[in-house]
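Okay, structure first, notes after.
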Number of protein chains: 2
Amino acid sequence: MNTNFDIENFILDFSNSCQKKQKKVFSKNEVVTTYIKNRNQLCILLDGNADLVRYDLNGNRTIVEHFSKNALFGEVFYTITTNNELLVEAKSNCTVLFYIYDDIFHKCRNNCKFHQTLSENLPQLILNKVTDLNMRIELLTKRSTRDKLLGYFSLLSTRKLSTSFELPFSLTDLADYLSVDRSAMMRELKLLKEDGFIEKIGNRIILLYK
Amino acid sequence: MNTNFDIENFILDFSNSCQKKQKKVFSKNEVVTTYIKNRNQLCILLDGNADLVRYDLNGNRTIVEHFSKNALFGEVFYTITTNNELLVEAKSNCTVLFYIYDDIFHKCRNNCKFHQTLSENLPQLILNKVTDLNMRIELLTKRSTRDKLLGYFSLLSTRKLSTSFELPFSLTDLADYLSVDRSAMMRELKLLKEDGFIEKIGNRIILLYK
DNA sequence: CATAATGTGTTGCTTTTGCAACGGAAAATA
DNA sequence: TATTTTCCGTTGCAAAAGCAACACATTATG
């Protein structure tokens, strides 16, 4: 996450300072948490990978966000407006810290340093989420599967400062992230290879164009 | 916009308190502003309607956000990460206040009340944007044009607390907002009518299902 | 008021995407 | 290690969406 706020040190310094917290360990595919209206839970992923997933009424699965080490998530960052189930699924073994925010923008009743520091930095952290969401929207508004794939690859390439990078998703999950059918995406992936846009070696993509 | 912060009164009280501002009037279809990296402009729509629009390399147009009276917009709320042109277009005659934020989360150098009050409420305002963006993502991840239309209609219906409501867009713009082809959307709209999901009288939609 | 510009509604055709199904590879698990 | 489960890669077919073109309505504008 791109922030001036040093989450890593913050966690090291303060993670034990608040009494109102819980630390839990999850194994792969377990449900870490479900998003519930007005609870204002805040979670920190100390270790592992997890996805925020939504299931709609048609049974379609959408990966809304992907979290890795030190990611912050929870209802604090996501005002819930619909009835759709929103849950965080562990993609690997995970260690997670849970906090409840009585009031997002004010101090913890216990007046602990953790909540205080976090409150100060919350605006910046939320703005980071906004950036992520806008990127997501940009991807989703692309009209074809090809453009979604290329857009996503170019994003990863920019982040890694390299035309070669690992996919953080399985291909099945990538399809759910781009909101397209998996087999149609595989077909397009093949065409992208044939048309010389990309190379794919296992989980690694190499961008060839420009 | 759904916020505890009373924008209307805030504008009345403070819009003249900061020296670093500009008030401008635009006529329909004029470009209100272009989003530029690191400028941190903040705009308040005093009157009229405007859209945040993106044009991609294929010439596709996407309406990213729709603004009406008292809406806040500008780079402050949108961390720019791509090269795509992002601009705000007046959809009617508009009056807009412009401010520049030297530093989003700190006080204006002039220490004016406007920036101070806004700083205090910025987290809440950003959270409102997050809500909007999440709804947008939810719409865009729907797999079919039908589901996008129904999802959008149900959203408007919830907002207006009525199964009957006016569309805030022309149908051409609605297609750009849902990121679908206009004629395909028209076709689907016709089918929705035929299948008894909606009624459409001019600009007004009536939801018939459930 | 006449004319231009924009928006609506429609359609035939083409392309893209989704769906369903399957075999084999890889990974997780007993 | 054997076995089950998940993931990858592919394909034929059906459905949906995009494209292009047009007539007509409505709205702006000289």
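Labels below follow one simple rule: chain letters A, B, ... track the order of the sequence lines, proteins then strands, and each chain is numbered from 1. The shown structure was predicted, so the numbers you read here are calculated from the model rather than taken from an experiment.
Screening B:K160, B:R159, B:R204, B:K200 for a salt bridge (Lys or Arg N to Asp or Glu O under 4.0 Å) with B:E166, the sole residue that qualifies is B:R204.
A straight line from CD1 of A:I205 to P of D:dC8 spans 11 Å, rounded to a whole angstrom. One atom, CG of B:D147, and another, C1' of C:dG18, lie 13 Å apart when rounded to the nearest Å. Distance, A:D176 CG to D:dT6 C1': 14 Å, rounded to whole Å. A:L191 places its CG atom 14 Å from the P atom of C:dT15, with the value rounded to the nearest Å. Atom P of nucleotide C:dT16 and atom CG of A:L192 are separated by 12 Å, given to the nearest angstrom. What separates NZ of A:K91 from P of C:dA28 is a distance of 12 Å, to the nearest Å. In this structure, A:N93 atom CG and C:dA28 atom C1' are separated by 12 Å, rounded to whole Å. B:L174 places its CG atom 15 Å from the C1' atom of C:dG9, with the value rounded to the nearest Å.
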Inset, instruction - List the steps, then state whether salt bridge (Lys or Arg N to Asp or Glu O under 4.0 Å) holds for B:K37 with B:E75. - result: CA-CA 8 Å; B:K37 239 175 214 169; B:E75 296 116 3; over 6 Å; no
Legend entry - Candidate pair A:Y152 and A:Y177, rule ring-ring contact (aromatic ring centres under 6.0 Å, His included), full reasoning: CA-CA 10 Å; A:Y152 183 61; A:Y177 183 74; 5.4 Å; yes
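Using a cut-off of 4.0 Å between Lys/Arg side-chain N and Asp/Glu carboxylate O, B:R61 and B:D173 are scored as salt-bridged. The existence of a salt bridge linking A:K193 and A:E199 is excluded, since no basic side-chain nitrogen approaches an acidic carboxylate oxygen closer than 4.0 Å. Checked for salt-bridge contact, A:E89 and A:K28 miss the test: no charged N lies under 4.0 Å from a carboxylate O. Remark: B:E138 engages A:R54 in a salt bridge, criterion side-chain N to carboxylate O under 4.0 Å.
The side chain of B:K190 places no N or O atom within less than 4.0 Å of a non-bridging phosphate oxygen (OP1 or OP2) of C:dT8.
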Legend entry - Per-nucleotide protein contact string for nucleotides 13-30 of chain D (B base, S sugar-phosphate only, - none; heavy atom under 4.0 Å): ----BBBBB------S--
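Residue B:K148 is classed as having no contact, given no heavy-atom separation below 4.0 Å to the nucleic acid. Residue contacts for A:K200: at a heavy-atom cut-off of 4.0 Å it reaches the sugar-phosphate backbone alone, with no base atom in range.
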